[in-house]
Protein chains: 2
Amino acid sequence: MSDQPQSPPELQVSAASHEAIVEPLQLGKRVREIRLSQNLTLEEASKRTGLARSTLSKIENEQISPTFTAVNKLVKGLGIDIPQLFSQPSKSRSSGGRRDITRCGEGKPRATPTYEHEMLASQLTNKKMIPYKTTVRARSFDEYADWVRHDGEELLYVLSGSIRFYTEFYEPIDLAEGDSAYYDCEMGHTLISTSETDAVILWVTA
Amino acid sequence: MSDQPQSPPELQVSAASHEAIVEPLQLGKRVREIRLSQNLTLEEASKRTGLARSTLSKIENEQISPTFTAVNKLVKGLGIDIPQLFSQPSKSRSSGGRRDITRCGEGKPRATPTYEHEMLASQLTNKKMIPYKTTVRARSFDEYADWVRHDGEELLYVLSGSIRFYTEFYEPIDLAEGDSAYYDCEMGHTLISTSETDAVILWVTA
DNA sequence: AAGAAATATTTCCTATTGGAAACTTAATTC
DNA sequence: GAATTAAGTTTCCAATAGGAAATATTTCTT
């Protein structure tokens, strides 16, 4: 990932831009907190999770990086909520006052043949919504191998240009600047640009 | 190396208690879905995540259980949302194929002294997100009696004009067209327009 | 305070992961 | 249709995780 778009590094730092959580991700610390909060000894935790005492100890002390299966045992055994694991150890406000500013064009880029995504608020993890500013590169329905389908719901707002919005269960519909659509993502959906220049949209998934 | 996460012989019988069943979670399947949905080859995914092609392949084919660090690389590299990883592969066809188009200016209006909201996709109920196109009428911080606080998380995108974004725990920050912010709504927040004309923003709450 | 008990860490070893490269399969091109 | 190219899988091996038991540390008891 060496592709930074034409964005001067200087701007990136501007003011309070990107002061989110920089996740060092101390899984161990987190696990220990959780275990202790349940008043469990390593031995008990071991019984519940099926992981060896020693393994638990090492995990908590960040001496090893547990495998996914191990993490799952932890989650099940200790009744941990997943995001809990990936979120920051209670910096007093577990999720109370987060804020992440993304300057125009400073999102985290990701390109596909058909779209050019720019993820907004990429510094924040555990978001309920995932916002993208996306340039629609595709010009024809044929450029897609298949419908795009995934979990969740999506909001689409046309920032500039115009698009044709194809969905699995509806007739294609043309959307111009300022128009928007809200839909279930399990339903196949794809977009193409219909304007001179590639259309740009705001795309929010939840 | 050919361990299928089924039921280990020793554990099979013990009905007594907890025995930390081995992951019913098909991480690999999930990862593959996600990668393909982004039209990435293993090679590209490898570059983005920093994991070897072979490793990715094995993960997707459930031949190995990636370490936590590996999972993190996946998450970061592919821009995966955590719960996405742990949620079951889209079996829960909860709401199906809804769609709601809102033409520019055709939203459901609602006015307050300080804001002029236009609710998008108002036909659809039970949405995870509530999108508004809002004109910011306020011109001074004093026009607000108190902080606005409510549940959830909010995404704010400046469509036109410029605003000053006040939050309870941070310094006010100026946002121009194309800038965006993501924040927890329990934290007090208000906006004022700083441009000639009232600024217009897209506001999504979840 | 010394010993016992409980809890946590470390050691040692085997099993598994993760990477480089070889190999296979599928898609294109000539 | 053979030859290339691209995408994915498998192999081999070094690095590391996970478990059992030994060791260290803390916490009770008496």
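Each chain gets a letter, A, B and so on, in the order the sequences are listed, and its residues count up from 1.
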Partners of [X] by side-chain hydrogen bond (donor to acceptor under 3.5 Å, both in side chains), sequence neighbours excluded?
{"X": "A:Tyr183", "value": "A:Glu154, A:Trp203"}
{"X": "A:Asp174", "value": "A:Arg164"}
{"X": "B:Thr194", "value": "B:Ser162"}
{"X": "B:Ser180", "value": "none"}

Write down the distance between [atom1] ([X]) and [atom2] ([N]), rounded to a whole number of angstrom.
{"X": "B:Asn72", "N": "C:dG18", "atom1": "CG", "atom2": "P", "value": "12 Å"}
{"X": "B:Asn61", "N": "D:dT10", "atom1": "CG", "atom2": "P", "value": "7 Å"}
{"X": "B:Arg32", "N": "D:dA7", "atom1": "CZ", "atom2": "P", "value": "14 Å"}
{"X": "B:Leu42", "N": "C:dA21", "atom1": "CG", "atom2": "P", "value": "17 Å"}
{"X": "B:Glu43", "N": "C:dG19", "atom1": "CD", "atom2": "P", "value": "13 Å"}

Does the side chain of A:Ser195 come under 3.5 Å of the side chain of A:Thr197 through a donor N or O and an acceptor N or O?
-> no
Shorter than 3.5 Å, N or O on both sides, protein versus nucleotides 4-6 of chain D: list them out with atom names.
none

Among all residues two or more places apart in sequence or in another chain, which pass the ring pair (Phe, Tyr, Trp, His ring centres under 6.0 Å) test with B:Phe141?
-> B:Trp147, B:Tyr166
For A:Tyr144, the ring pair (Phe, Tyr, Trp, His ring centres under 6.0 Å) test, sequence neighbours excluded, returns A:Tyr115
Annotated protein contacts, base or backbone, on nucleotides 14-27 of chain D with a non-hydrogen cut-off under 4.0 Å, one of B, S, - each = ---SBBBBB-----
Restricting to pairs with a member in residues 36-62 of chain A, which pass ring-ring contact (aromatic ring centres under 6.0 Å, His included), not counting sequence neighbours?
-> none
